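One structure is given below, encoded as structure tokens.
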Amino acid sequence: MSPGKVLQPVLKMKVDELFLCWLSQPATQLTLKDCLRRIKNEDKTEISNGNSGKGKNEWLANKNSNSKQCILGDASLPLVSFSPQLSTALPLATSASSRNVSNVRATHRSSGTKVIQTKKEETLPPSLSQNIPTFYFPRGCPKEKVNIDAVIAKIERTFSEFPNERATLEDMGKVAKACECPLYWKGPLFYCAGGERTGYVSVHKFVAMWRKILQTCYDDAAKFVHLLMNPGCNYLVQEDFIPFLQDVVNSHPGLSFLKEASEFHSRYITTVIQRIFYTVNRSWSGKITCNELRKSNFLQNVALLEEEADINQLTEYFSYEHFYVIYCKFWELDTDHDLYIDRKDLARHNDHAISNRMIERIFSGAVTRGRKAQKDGKISYADFVWFLISEEDKKTPTSIEYWFRCMDLDGDGALSMYELEYFYEEQCQKLDNMAIEPLPFEDCLCQMLDLVKPQYEGKITLHDLKRCKLTNVFFDTFFNIEKYLDHEQKDQFSMLRDGEGESQEISDWERYAAEEYDILVAEEAASDQWNDGYEAELNPVDHQKANVLKYQMEKRPFFEMPSHLADVDLDEYDYEEDFE
């Protein structure tokens, strides 16, 4: 697959998926069992009828003769002229002579039109497809019938509380509750009803809009996509999330400190959007569909915005601390501060831990979307968000796909031994420069094959890596020298045990973000720029650190939270010798 090419769905795979979805429905299984039961009963009836009256062979011969007449009657003249081929292709039970066939042909030549007219007037039996229950619901599965009029009446009562029955954005929280939606749907509800143009929403416009949604969308995913999408689309692109997230920034209590730093609103929103697409857009298409949104936990996190006052507790999408870490890491690399970094800038990340060959693959377009940036040999801040999350947590499905795309040089959907050797060569050179004897590639390859256990010999597929519990070890071996050396100091059993235990705890990314944030805050606390009255000119990120840190230190006093061991008096314990 060529770099940057979007994966296209295969029609047969989609049909198979829909068939399996239909076949797994309880109603479908009951219908099939009933059909099988009726077929068995019909066979018994036919056999008993054959024994009492006609013979079974004679009954089958008459049945095939009738079906033959129907086929010949419906066939066009060119098909009837090829009678020998037709007689050999169809499973006819009667031994009809050529004379009988010619008579049948002559009969249909004279009365073929009448037969067709008669069939048009006949009432056809219902087709079997009408008995198949609906199993594909792109806009959600309709549950019990919703009383739309009652919902609309509740909304109208809510609007009656506002002056002139017009609601502003500040009033939309009550309207969202009347619609039985989470609080932070208020922004999408307001903008979808046309409130952005006039600054308010009238009751008539809102009721018309919401009635249409209730009649066409049957679950939260379909409703949310309808509220945010552009007219004529059935998916969400990155720009569609901006008004929604701007309202979250303006109104969530956990982001109140960010109101004054308006220049960082767009950076925070960009980070959240990239994290949404990183987790939700599993197809890598840049378009979030209802099905993808339905399978994710994004809407559950949106609902938690109302319940959780601390935005940093929502670590999967909205955490400000995670944004803070990502942006500070990017700012350190972006020397000219144009929000773009080149190969040399990215190579400096984590003290040149990433190999140059992998850096080249990242800039090749295999995992980036900005064509202009690719042309100029740079990646944007949005691309860096994907890079950093993938680099620090190589166990998630998206990160595995990210690095697999980078390592798949020829785009054939599998990692060959040549491709693995290509990346391992630079690792060996770095180890030589560090006066460390590298492991021969053949031995390294044996270890990696034992680690991944590929299904097919001679290649490693994406499916193989997703089944592996130590994909971070596999990837770090080929392009991250620092983490590779860390893994070498551990035994495989301990790493496997840690990998199994971490599934119930926080992810690698959350652990990394928490540690880095504590380091950044400690550095700022040590400098103590605001207490000393030091008014030196700060760059934007330092100024932001100073402002935000005041809020964070009051809310999260890192140096005032002793551990559970802080109250232990060590003098109470008598130390004994380690040996007897």
Side-chain angles (χ1 to χ4, degrees), residues 1-18 20-21 136-140 188 217 219-245 269-299 301-302 316-317 361-375 379-390 393 396-408 410-414 461-463 465-466:
M1 184 177 65
S2 60
K5 183 177 179 180
V6 178
L7 296 176
Q8 297 294 337
V10 179
L11 179 60
K12 183 180 182 302
M13 295 176 62
K14 187 62 179 179
V15 172
D16 293 341
E17 179 186 353
L18 294 178
L20 292 176
C21 180
Y136 181 57
F137 303 99
R139 290 180 173 267
C217 304
D219 65 355
D220 289 344
K223 293 175 184 177
F224 192 82
V225 170
H226 187 94
L227 290 174
L228 267 66
M229 70 183 185
N230 288 321
C233 299
N234 59 353
Y235 54 81
L236 299 178
V237 296
Q238 295 188 8
E239 292 76 12
D240 296 334
F241 286 89
I242 294 177
F244 159 67
L245 293 175
I269 291 173
T270 299
T271 306
V272 176
I273 289 176
Q274 298 310 314
R275 298 194 67 182
I276 292 172
F277 275 78
Y278 186 91
T279 304
V280 179
N281 188 211
R282 300 296 303 117
S283 63
W284 286 65
S285 62
K287 301 173 183 178
I288 294 179
T289 62
C290 288
N291 194 34
E292 288 181 328
L293 192 63
R294 195 175 291 119
K295 292 180 179 179
S296 71
N297 63 349
F298 174 70
L299 293 180
N301 277 263
V302 173
E316 293 188 74
Y317 302 99
R361 286 296 295 164
I362 293 173
F363 280 83
S364 68
V367 289
T368 55
R369 291 192 177 94
R371 295 182 179 179
K372 181 180 182 300
Q374 293 178 21
K375 184 178 179 180
I379 62 173
S380 64
Y381 171 69
D383 296 322
F384 181 80
V385 175
W386 284 62
F387 162 78
L388 187 61
I389 297 177
S390 300
D393 190 353
T396 63
T398 304
S399 64
I400 295 174
E401 294 166 4
Y402 185 97
W403 296 117
F404 183 87
R405 284 173 172 236
C406 291
M407 295 187 69
D408 187 12
D410 52 8
D412 63 348
T461 63
L462 181 61
H463 179 68
L465 291 174
K466 287 186 176 181

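Every value quoted in this text rests on a predicted model; they were computed, and no experiment measured them.
Taking 4.5 Å as the limit, some side-chain heavy atom of I389 sits within range of a side-chain heavy atom of Y278.
To the nearest 0.5 Å, atoms CG (N291) and CG (N234) are separated by 11.5 Å. Between atom CG of residue L465 and atom CH2 of residue W403 there is a gap of 13.5 Å, rounded to the nearest 0.5 Å. One finds the OH atom of Y381 at 2.5 Å from the OG1 atom of T271 (value rounded to the nearest 0.5 Å). We find the CZ-OG1 distance between R282 and T398 to be 4.0 Å, quoted to the nearest 0.5 Å. Separation of atoms CG (N281) and CG (L293) is listed at 11.0 Å; rounding is to 0.5 Å. Here W386 contributes atom CH2 and S399 contributes atom OG; the two are 11.0 Å apart, rounded to the nearest 0.5 Å.
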Derivation and outcome, salt bridge (Lys or Arg N to Asp or Glu O under 4.0 Å), residues K287 and E292:
CA-CA 9 Å; K287 301 173 183 178; E292 288 181 328; over 6 Å; no
What do the steps show when you test L388 against F384 for side-chain contact (heavy atoms from CB on, under 4.5 Å), and what is the final call?
CA-CA 6 Å; L388 187 61; F384 181 80; 4.0 Å; yes
Determine, stepwise, if the pair I273 / I242 fulfils side-chain contact (heavy atoms from CB on, under 4.5 Å).
CA-CA 8 Å; I273 289 176; I242 294 177; 3.9 Å; yes
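For I362 against C406, the heavy-atom pair with the smallest separation is CG1-SG, 4.1 Å. Taking both residues in full, the closest heavy atoms of I379 and T368 are given as CG2-CG2, 4.0 Å, listed atom of the first, atom of the second, then distance. Nearest heavy-atom pair across T270 and A382 is CG2-CB, 4.3 Å. Closest heavy-atom contact between S390 and Y402: OG-CG, 3.5 Å. The two residues P188 and L227 have their closest heavy-atom pair at CB-CB, 3.9 Å. Taking every heavy atom of both residues into account, A222 and C290 meet most closely at CA-SG, 3.8 Å.
D220 places no side-chain N or O within donor-acceptor distance of the main-chain N or O of F224, the cut-off being under 3.5 Å. In this structure, the side chain of N301 does not engage the main chain of F298 through any donor-acceptor pair within 3.5 Å. Between the side chain of D240 and the main chain of M229, no donor-acceptor pair closer than 3.5 Å is present. Put simply, the side chain of R361 gets close to the backbone of R405: a donor and an acceptor are under 3.5 Å apart.
The local environment of CZ in F404 is crowded, with over 12 non-hydrogen atoms from other residues, nucleotides or ligands closer than 6.0 Å. More than 12 non-hydrogen atoms from other residues, nucleotides or ligands lie less than 6.0 angstrom from NZ of K466.
Partners of T279 by side chain to side chain contact (heavy atoms under 4.5 Å, CB included), not counting sequence neighbours, listed by chain and number: Y317.
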